[in-house]
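Throughout, a chain's letter reflects where its sequence line sits, starting with A, and its residues are numbered from 1.
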4 protein chains.
Amino acid sequence: MAAHATAENIKDVEQRIKDWGYGVNTIYGQERTVVGAVGVPEADKADYAERLESLDYVERVIAILRPYKFVSREIHPEGTIIDVKGVKIGGPKIVFMAGPCTIESYEQTLDTAKAVQKAGAAILRGGAYKPCTSPYSFPGLGEEGLKILKQVSEDTGLPIITEVMDPRNVDLVCEYSDILQIGTRNMQNYDLLREVGLARKPVLLKRGMWAKIEEWLQAAEYVVLGGNTQVMLCERGIRTFETHTRNTMDLSAIPSVKQLSHLPVIADPAHGTGRASLVNPMTRAAIACGADGLLIEVHAQPDKAIKDGAQSLNHEHFAELIQECRPIAQAVGRDI
Amino acid sequence: MAAHATAENIKDVEQRIKDWGYGVNTIYGQERTVVGAVGVPEADKADYAERLESLDYVERVIAILRPYKFVSREIHPEGTIIDVKGVKIGGPKIVFMAGPCTIESYEQTLDTAKAVQKAGAAILRGGAYKPCTSPYSFPGLGEEGLKILKQVSEDTGLPIITEVMDPRNVDLVCEYSDILQIGTRNMQNYDLLREVGLARKPVLLKRGMWAKIEEWLQAAEYVVLGGNTQVMLCERGIRTFETHTRNTMDLSAIPSVKQLSHLPVIADPAHGTGRASLVNPMTRAAIACGADGLLIEVHAQPDKAIKDGAQSLNHEHFAELIQECRPIAQAVGRDI
Amino acid sequence: MAAHATAENIKDVEQRIKDWGYGVNTIYGQERTVVGAVGVPEADKADYAERLESLDYVERVIAILRPYKFVSREIHPEGTIIDVKGVKIGGPKIVFMAGPCTIESYEQTLDTAKAVQKAGAAILRGGAYKPCTSPYSFPGLGEEGLKILKQVSEDTGLPIITEVMDPRNVDLVCEYSDILQIGTRNMQNYDLLREVGLARKPVLLKRGMWAKIEEWLQAAEYVVLGGNTQVMLCERGIRTFETHTRNTMDLSAIPSVKQLSHLPVIADPAHGTGRASLVNPMTRAAIACGADGLLIEVHAQPDKAIKDGAQSLNHEHFAELIQECRPIAQAVGRDI
Amino acid sequence: MAAHATAENIKDVEQRIKDWGYGVNTIYGQERTVVGAVGVPEADKADYAERLESLDYVERVIAILRPYKFVSREIHPEGTIIDVKGVKIGGPKIVFMAGPCTIESYEQTLDTAKAVQKAGAAILRGGAYKPCTSPYSFPGLGEEGLKILKQVSEDTGLPIITEVMDPRNVDLVCEYSDILQIGTRNMQNYDLLREVGLARKPVLLKRGMWAKIEEWLQAAEYVVLGGNTQVMLCERGIRTFETHTRNTMDLSAIPSVKQLSHLPVIADPAHGTGRASLVNPMTRAAIACGADGLLIEVHAQPDKAIKDGAQSLNHEHFAELIQECRPIAQAVGRDI
């Protein structure tokens, strides 16, 4: 309650809380009074909070319970393991998902797929639908790109992950891809979240570049509530004032999410930093603090890539990266 | 070029730039060499920048031209005026768009519509599809809400604005609404932007809470490139470290956008601050620095609103707000 | 308490709270227990909060009372008015403090002082000690600059404001200046705050570019606790991801601080935006939302200024600014 | 140049650049003209940039050279190694600096010093002068704390690091401490930086919670320009919108600074996250991405610590931390 709240104001708030089906427990302090609402009625508490805050004699409403449930570790203490055609994400092996930012051609994709597979990657990534800040950028090959990915997947045996941006394309992408990627800009695209919640393919949900961890987990809750429990989370950098890197990679989000949730966590150091020279150290660090997998952009010739060349590794550098990371994985009791 | 770049490296970069159809102009400094690319070839320069940055002998690529064109004031020096059933947005009158956050019922909507119309609002706002951080919140009445809005619009003569979230619903919302609102979370939902670009209704594009002004203008460019030139921009607060307000309202974005672009600019002080007690001062300030209109949440009883009660004004307070704002509008040579 | 806290854990926390001299009031919810500490013992509650949070069975400690007292409006409902040689800051008149970023010479300072005085400024600003990001920049004239300021003050009758950066210089600056300015980088320089708390000159405390409003008010509390109650606060922009402006001016901080505190609030639009073309609209907006005064950089020839030319107005532009602002001031019931 | 710049405007800018002693090289594009300034005259280029930007026919000034010199790796390709009484910082061994946030007593300090030494720490940390957001918090024991630290250092042989906040105390702290710590709030306290630049003790410079990497390196340049080349940098988290952690630890700053500068880099995971449960994963990650040392808060009983209990480890947990980190250090070719 506000400092100027009267006894009548306090009674008014208590009555409202009772009317909504909560128990009431009021603490009278010397300078402030705190009215506690106890219990969990059917309807949504978030909206009640807003109503109370509209009263000028209410200073603040503080939520005690976390605003997500099914993704929380409290109700599911063991970590979730997602099985993608035999590749287990969230288990003892750290999973590398690697490949070109954008699918350019069958030959390019097959070439890079073989290179990353040989180096130790377990899943092939590649973009057929690309979110582009500029309307003048290349938006991806679309379904043709999906077909290339599928063909390369059959040729190599690598399962694939690719992004879906439009709720109208979820069924189409499900036909081709083994994992559905939700990009950072779509983390709170609720129609898309509901649609992938109905799909029967695992979902990789990137963190919105503006999203608090709590909001990210609520976005995952949308998908799980739809019936799709195979969700993994991907840290890919947040927006800050720093301009040396494209984003600021929030590695502390990895152990934080592992503590709060049972879902596997993947790191994307290329988008997290925007600089190829930082991909290796950030990959090592992500493994050291508990990431279950990595999403890495690899291109045969980054200086000829259609997109994201500045943050892509070439084939040799990717092979070296895996070599470098193996002892780190072992140092934390895992392997690649 | 990097400090360690050799004469050969410089030649290599010059050759690439020539191959892409640019002219080359190189400046040799004492410590760094700068290779300039002159001219505007057909293909996209953004991707070329990425390729060059992937070379370790290139330190940085700096774009000289702005990454948007049709929304820029350079090619359209006079401000755009959007006519919504006779209400002119971007002209000498400041336009208030007011109404409940969420459409709850016909009676509630009509009641508030009459109140805001009487007070001086020119357009009725109301949410039928609501983006909710929590999957447990009320998502709006959907098409039923649209029907209520349409009916109230016919009863009062007020044109309406409502949000569209899903590209599959653009046609449906166009049937009922006079302005299509794109919410902050969808500012970079490119499929939705492309879809409203094909619509023949004005679009209000909210700034992404993470978006730089340049990215916001690029999002508007998506819509305009689709053929829909009736775009207005809406500042609604950005994400910062400050926790006293829900967002930090970036009022300097209003004159900045007016300088860079010919599109009208609207301010949304309720979402910008999250506090009803800040709506009045921020509305006055927005008018003082050049806003063409305001988006204000009004509810007969904010403490009984389904959503966003904490930042809604009641009918009396809204009428007072308009009274307070009229002299400010006149002080900047406009009116309400 | 954490979800896994046992009855014993709860008792332990209750005992600690009692031992520190608080009353205890525990609320048992279905999923969480909340232990309330009631009363205000002598020692500092902040440190107690840290100790409790170190216990793994404590989930969060939430402070109900605000962490400042003497600067809060609760204990001092009327606004403070600071009298600087007859110029009243915080009263009905809006006070313009204008002058060059850096004192360059007597002639330059006198010339600009006369120009701003004629235009309507009531106080002369000017820097003798300059905080510079780069060690290669001009650090100001030091005491020589103070002498020039003092001389110009005597010649024109304008009181002066200048920055003090070093606790060793507080006495010296007090000899010359009528107001002591604490710059943004020193908002949490506690030794400096303590030193100006002992001075008998009004203090203008700029907001740290990283500081929450609550922290800013705590910094002001430092000064007031030292015995110096003549403190005014100055909003000058915060650090965000936006790069179009040098900082993001948080105008909502002005009415927020006016609601929370009785201290006068000044706005600094030049540093807040870093662009001369935004000074006018942001000054108008600051007045419209309740600022008690403005700090404006003015230079006879901004393109020849030693520092901050890009954000300085010339004499004519400053005169126009005041003309433009007068009707805004009147629209909010004040004057200049 | 701006789009609307005339031939005369371009000539004017070229003339100014020549007058300042630069060579001129102008690139004429189709939509913009770029005027290049070549060479490095004596005076400071930052101020020239500001002057040019004050001209309305100049759109932007872009610096090509980095704004620091002596701390840059370009002029000192091998990494600097700082020797503190035989402990080498920046060499193959990763150095743990551990101890209580605040010196409370001789017994407490000795007890923790012995525990961290046994576990593997090489340097003892402890605060005698504490920066406190709240004026009601405990400010540290001052010189008495320094004496305790010195005594414990003699008893154990551990060199010590402690913070200096006030330029008037630099000489005093130098008498007792082996390393001078500059806290985050003082990163741009230029009088303090100049003072420690004159000292003959190594300096640990924490990153300002608002500071870009470039500004941090400029602050280090201040110290080095004063003649003190023994500077190490410490990443301790930056201010972002995330509220789950106290700050967001920017681990990518570690490899970034190692690429840009020759100075050793230390990580402070307790302040970086504010949560004891994140100290271990963030310490492992910091080592994995190249940190040369760690600053860790350790207290015999964190729930009884005067300050920062929530982020302190107890003695056992610290010993476990070192055990956990050793294999990571070895995985990157180093040791503890």
Side-chain angles (χ1 to χ4, degrees), chain B residues 66 207-217 235 237-260 265 267 269 272-275 277-291 323-333, chain C residues 66 207-217 235 237-260 265 267 269 272-275 277-291 323-333:
Chain B
R66 301 196 184 286
R207 182 180 183 181
M209 58 187 108
W210 67 88
K212 297 184 189 186
I213 288 172
E214 190 170 280
E215 294 163 338
W216 189 17
L217 291 172
E235 163 63 30
I238 57 173
R239 272 278 160 102
T240 73
F241 59 80
E242 178 58 71
T243 52
H244 179 71
T245 42
R246 185 181 291 188
N247 294 285
T248 295
M249 198 159 180
D250 178 10
L251 284 184
S252 70
I254 294 174
S256 295
V257 165
K258 299 293 287 183
Q259 289 167 11
L260 296 169
V265 182
T273 64
R275 286 178 178 264
S277 69
L278 296 174
V279 167
N280 279 29
M282 287 295 98
T283 300
R284 294 195 308 262
I287 294 173
C289 70
Q323 291 304 326
E324 247 182 49
C325 287
R326 195 160 280 131
I328 304 275
Q330 289 160 352
V332 293
Chain C
R66 301 196 184 285
R207 180 180 185 182
M209 59 188 107
W210 67 89
K212 296 184 189 188
I213 288 171
E214 191 171 279
E215 293 163 339
W216 189 16
L217 292 171
E235 162 63 29
I238 57 174
R239 271 278 159 103
T240 73
F241 60 80
E242 179 58 70
T243 51
H244 180 71
T245 43
R246 186 181 291 191
N247 294 284
T248 294
M249 197 159 181
D250 178 10
L251 284 185
S252 71
I254 294 174
S256 296
V257 166
K258 298 294 288 183
Q259 290 167 11
L260 296 169
V265 182
T273 64
R275 286 177 179 264
S277 68
L278 296 173
V279 168
N280 280 30
M282 287 295 97
T283 299
R284 295 194 308 260
I287 294 173
C289 70
Q323 290 305 327
E324 247 181 51
C325 287
R326 196 160 278 130
I328 304 274
Q330 290 160 350
V332 294

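Both the backbone and the side chain of Ser277(C) come within contact range of chain B, each with at least one heavy atom under 4.5 Å from a heavy atom of that chain. Looking at Gln330(B), neither its backbone nor its side chain comes within 4.5 Å of chain C, counting heavy atoms on both sides. Interface remark: Thr245(B) contributes side-chain atoms only to the contact with chain C (heavy atom separation under 4.5 Å). Contact of Thr273(C) with chain B is made through the side chain alone, with heavy-atom distances under 4.5 Å. When heavy atoms are compared at a cutoff of 4.5 Å, Leu260(B) approaches chain C solely by way of its side chain, counted from C-beta outward. Contacts of Glu214(C) with chain B are absent, with no heavy-atom separation under 4.5 Å from either backbone or side chain. With a 4.5 angstrom heavy-atom cutoff, Ala211(B) touches chain C only via backbone atoms.
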Please evaluate residues Thr248(C) and Ile238(B) with respect to the criterion side-chain contact (heavy atoms from CB on, under 4.5 Å), reporting the C-alpha separation (whole Å), side-chain torsions for both, the decisive distance (0.1 Å), and the verdict.
CA-CA 10 Å; Thr248(C) 294; Ile238(B) 57 173; 4.2 Å; yes
For side-chain contact (heavy atoms from CB on, under 4.5 Å), just list the numbers for Leu251(C) and Met249(B), CA-CA rounded to whole Å, side-chain angles, deciding distance to a tenth of an Å, and then say yes or no.
CA-CA 7 Å; Leu251(C) 284 185; Met249(B) 198 159 180; over 6 Å; no
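By number of non-hydrogen pairs under 4.5 angstrom with chain B, the leading residue of Pro327(C), Cys289(C), Ala286(C) is Cys289(C). By number of non-hydrogen pairs under 4.5 angstrom with chain B, the leading residue of Leu278(C), Thr240(C), Asp250(C) is Leu278(C).
Residues Lys212(C) and Phe241(B) approach most closely at CE-O, 3.5 Å, considering heavy atoms. Contact between Pro255(C) and Met282(B) at its shortest, heavy atoms only, is CG-CE, 3.9 Å. Nearest heavy atom pair, residue Glu242(C) against residue Ile213(B), reads OE1-N, 2.8 Å. Arg284(C) approaches Ala288(B) most closely through the heavy-atom pair NE-O, 2.7 Å.
Note that the OG atom of Ser252(C) and the CZ atom of Arg275(B) stand 9.5 Å from one another [nearest 0.5 Å].
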